Amino acid sequence: MTAPGLWTIGFAVVYTALLVVGGRLIQRRAAAGNKDSGFFVGGRSFSPWTVAFCITGLFSGSSYIAILELSYRTGISALWYGVAETVQILLIALLLVKPLREKMVVTVTGIIGDRFGRGAQVIAGIITAFTFPMWSVATAIAFASALHAFTSLSIYSSIIFTAVLLLIFLWSGGMRAVAFTQTMNCIVFVAMVIVGVIAFFINPGFQGLGKLAAEQPQMLDLSSAGVTLIAAWFGTFIVNVLLAQAAFQMTMSCRTPSEGRKGLLMAAGFGLPLIIVGVILGTAAAIVVPHQGLALVAVPLYIAQVLPAPLAGVFFLGIWACALGWAGPCQFSGATSLGRDVGRALRPRATEQDLIRYTRWSLVLLTVLMIVFAFLRAEQSAWWNVLAWTLRNGATLAPVLAAFFWPLATRRAAHAAMITGFASGLLWYQLGGWSPNSFHWGIHPVWVGMSVNVIVLITVSLASTRFKITDIAPRRARGYGAATAWLIFTAAAGLNAQWLHASGLAGLAVFITVALGATTAFLLTETVPDGRSKVPTEADTRTTTGVLVRD
């Protein structure tokens, strides 16, 4: 084991132990006399600073890892990944905090279950739980790669060590413990960024970037990652605004909606240095340690080559903080969907303590799943992020939209939409050979999954329900306006199909067409009472979304 390896493992183990102890103390103290309500939403007592630290640790830590890897392979175009992530945070802050807090939302699967019943909640919960370890593994691979580079452990043994260490941390449990951890992680991020900047100025410095521009000009091209992939980043992040369950769970723990919004806006600013430094260091690693098959192994080799062992240890403690900041909340939120939401759907009379126990069991299951995913592909962490968004968003986008905006949607349609959207994303990846940057027909699977999801929900709902054009004049006018926009955009896309395909924007154009068509259907259609449908009872539906369920 090298000296940087000893420092890295030592820092990580000690830091994790301190977090576990500190998190348990905070959880016990804050939950005294109110034990049950604080586990999932922290007693709704977070300040704007706590929300800011939580969101920075969640999104910016994850993006930092992805940007390190992407910039090693594609240069400064990885910057767009961070920009897309920042746009997502801003949109959540500006559009969703208040309405979600009014509905006391905890999870996306809860929204779907409240609107479409227990069966839909089970399907959504299982799919969500399946995809969250994909996000977790994306950052866990980064720390495991450092262990692999500095020790005699194989990459797979390093992944197992990382996953078990993460499970030990999460088992102490609760949203307050996560908040405490995210606050500490942000402090470690600052140290990591400072050390990384020092490494860059030591080698290669700005003169190295000048040499790279002469030898490999594509590395300094803002579009070198490919327009198709960059468009997919923006598309997944923007659509994820409606589905960012882990972020909702953190933000909804705030004291008031305005404080939650303020915390999100602060987090968007806190993340900018991580985005910029991530691009610089990934590109620097490509200069100093070129031709490394595993980008996230090249970065620790670069840092260890440039800095003394203690400083390298500090840097990779920051990488571990990124893993905790993203993988921790993702595993916790995925386990909440599986343990709390699926558990409640299967056993409606379960107590809060039962749901907490189910959630802890789910953490173990998701840890095993995370290890399996890492074994399947350990060389591309950013790919796992996009795959998870493709599968989760392809399953839950349309049901969530319908829960908020379309009372006509049926349970049967929601079930079909979730299953077909999830399956179509998987199928499209299979047709494209599971490539991270080359896709079947040049269309990213994320557009296929979400488009199928929306089309199936609308088609099945209209086919199984008596409906009419709405009698509400303002809504009808907006619907005709949406229909006009849909026709114009569809015609323009058809006329420019060849250019859209050549530029990598065909998938985005298809999804925009579907989205405009869905908007038209949502605005123009409403149910025709047929006198045969029974009045829903409390057992059939809940009113969290304020909309009754029709079969």
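What you see is a predicted model; the values in this text were computed from it and never measured.
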*Could you give me the CA-CA distance, side-chain angles and deciding distance for Ser224 and Gln218, then say whether side chain to side chain donor-acceptor pair (under 3.5 Å) is met?*
CA-CA 6 Å; Ser224 61; Gln218 73 277 9; over 6 Å; no
*Is it true that the NZ or CZ of Arg377 lies under 6.0 Å from the centre of Trp434's six-membered ring and within 45 degrees of the ring axis?*
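Pair Arg377/Trp434 does not count as cation-pi.
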*Give a yes-or-no answer on whether the side chains of Ser63 and Ser60 include a donor-acceptor pair shorter than 3.5 Å.*
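Side chains of Ser63 and Ser60: no pair found under 3.5 Å.
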Is the distance between the ring centroids of [X] and [Y] under 6.0 Å?
X      : Y      : answer
Phe201 : Phe206 : yes
Phe373 : Trp384 : yes
Trp233 : Phe237 : no

*asked:* Would you say that more than 12 heavy atoms from the other residues, nucleotides or ligands in this model lie under 6.0 Å from the OH of Tyr156, or not?
replied: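 Counting neighbours around OH of Tyr156, 12 or fewer heavy atoms of other residues, nucleotides or ligands fall under 6.0 Å, so no.
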*In terms of heavy-atom contacts, does CH2 of Trp383 have more than 12 from other residues, nucleotides or ligands at under 6.0 Å?*
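Count over threshold, so yes.
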So, [X] side chain and [Y] main chain: donor-acceptor pair closer than 3.5 Å or not?
X      : Y      : answer
Thr367 : Leu363 : yes
Tyr302 : Asn203 : yes
Thr131 : Ile127 : yes
Trp320 : Phe143 : no

May I ask you to test the [X]-[Y] pair for a side-chain heavy-atom distance under 4.5 Å?
X      : Y      : result
Ile319 : Tyr64  : yes
Asn240 : Trp389 : yes
Arg392 : Thr128 : yes
Asn185 : Gln182 : yes

_Please verify the inter-ring angle class for Phe132 with Trp135; under 30° counts as parallel, over 60° as perpendicular, anything in between as tilted._
perpendicular
*side chain to side chain contact (heavy atoms under 4.5 Å, CB included) between His444 and Tyr429, worked out*: CA-CA 8 Å; His444 196 284; Tyr429 263 111; 3.6 Å; yes
*asked:* Test side chain to side chain contact (heavy atoms under 4.5 Å, CB included) on Leu265 and Leu90; report intermediate values, then the result.
replied: CA-CA 6 Å; Leu265 295 175; Leu90 293 174; 3.7 Å; yes
